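Structure first, then comments.
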Amino acid sequence: MDLWIVISIAAALFQTVRFMLQKQLSLVQLSAAGATFARFVYSAPILCALLAVWLGLGEARVALPTAGFWAYGAIGGAAQITATVLTVLLFKRRNFAVGVTFIKVEVVMTALVGMVVLGDKVSLPGLAAILIGVAGVLVLSGPQVEGNILSRLITPSAALGLAAGALFGVSAVSYRGASLLVAAEDPFLRALVTLAAVTTMQTLAMAVWLVWREAGEIGRVFGAWTRAGWIGLTSMAGSFCWFTAFTLQNAAYVKAVGQVELIFAVLGSVLFFRERITRREWIGMTLLSASILGLVLLL
């Protein structure tokens, strides 16, 4: 098995575990913003330390990042924070496996945004994959009640999932833009610089928000360090694995392999959260998974 496949599977596993931890903490201890803050505050110091060691022990050198780097990083960081908060809120409404499936609409939303904003061309097979994804969203969007298609598509669960997926797509594009502006030949160093810078900005921004809007939540995050710390570690490991996989192989193939996360999500939903997945939800997840897999292979 090629190394990039192993790394992609590892990234999907780390991401699933992190989502599980965030769902658990948001249900019993922390708010959605607090569970999101835990992802950054426990990983930023480790990433900065790793970067310092890498630069200190090796011969690698990197120039000071440009204004464009910080702009891309800020946009991507803000999009990721918002998407993560929406994800935690979604987990409170729907079971874990369905929540993760909604988020994977990121690929579909990225294709649609590219069509509207950048004028990207979509082939007929690609359009068919998008339509299958829409069907999956309609099935997943809520109970089978009377109403037109639009009313079912704009249910709170569907809105949270679609918005989170779109914002995760924005953050991915922004992070790639930022990493390409890092003046270093080593792709691993570029990834580490980008991760350290963005995660630090996210930690500071979330800290200011929590002090302003949710007094006492930062204390609860640190009070839950035995669990919240693992959110930071799994987030750091997953992000670094994604960046590394993208340096080794075409991003479309990496994302295709990353769909194994849906299998991990189903296992987590059933084995850890004791949640029952209905027949309708199985059908919706299957349709949406087929749509996403088709798109990542076609793009």
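Remember, it's a predicted structure, so these values are computed and weren't measured experimentally.
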Minimum side-chain heavy-atom gap Phe240-Leu47 below 4.5 Å: no
Student check: side-chain heavy atoms of Val41 and Ile218 closer than 4.5 Å: no
For Trp225, ring pair (Phe, Tyr, Trp, His ring centres under 6.0 Å) partners two or more places apart: none
Nearest atoms (heavy-atom pairs only) where Gly34 meets Leu210: N-CD2, 4.4 Å
Partner set under side-chain contact (heavy atoms from CB on, under 4.5 Å) for Ser235, not counting sequence neighbours: Arg18, Arg39, Ser239
Minimum heavy-atom distance between Ala178 and Gly73, given as atom pair plus value: CB-N, 4.2 Å
Where Ala184 and Val62 come nearest, the two heavy atoms and their spacing: CB-CG2, 4.4 Å
Heavy-atom check, side chain of Met206 versus side chain of Phe40, under 4.5 Å: yes
Side-chain touch Leu51/Leu189, heavy atoms, less than 4.5 angstrom: yes
Leu195 vs Met236 side-chain heavy atoms within contact, under 4.5 Å: no
Backbone of Val182 reached by a side-chain donor or acceptor of Arg190 within 3.5 Å: no
Closest contact, heavy atoms only, Glu214 versus Ala33: OE2-CB, 3.4 Å
Taking every non-hydrogen atom, the tightest pair across Gly232 and Ser43: O-CB, 3.2 Å
Student check: side-chain heavy atoms of Trp70 and Met201 closer than 4.5 Å: yes
Shared hydrophobic cluster, Trp209 / Phe222 (ILVMFWY, side-chain heavy atoms < 4.5 Å): yes
For Tyr72, all residues meeting side chain to side chain donor-acceptor pair (under 3.5 Å), sequence neighbours excluded: none
side-chain contact (heavy atoms from CB on, under 4.5 Å) evaluation trace for Ile81 with Phe37: CA-CA 8 Å; Ile81 287 174; Phe37 179 64; over 6 Å; no
Shortest non-hydrogen contact from Ser174 toward Ile75: OG-CG2, 3.6 Å
Gln202 side chain vs Gly77 backbone, donor-acceptor pair below 3.5 Å: yes
Single hit among Leu167, Thr87, Val170 for side chain to side chain contact (heavy atoms under 4.5 Å, CB included) with Thr82: Leu167
Cluster check Phe14, Phe168: I/L/V/M/F/W/Y, side chain < 4.5 angstrom: no
Partners meeting side-chain contact (heavy atoms from CB on, under 4.5 Å) with Leu13 (sequence neighbours left out): Val17, Phe264
By side-chain contact (heavy atoms from CB on, under 4.5 Å) - contacts of Ala44 (at least two apart): Thr199, Thr200, Thr203
Non-neighbouring partners of Ala78 that pass side-chain contact (heavy atoms from CB on, under 4.5 Å), sequence neighbours left out: none
Cluster overlap Tyr175 with Leu204, hydrophobic side-chain contacts below 4.5 Å: no
In one Ile/Leu/Val/Met/Phe/Trp/Tyr side-chain cluster, 4.5 Å: Val198, Phe188: yes
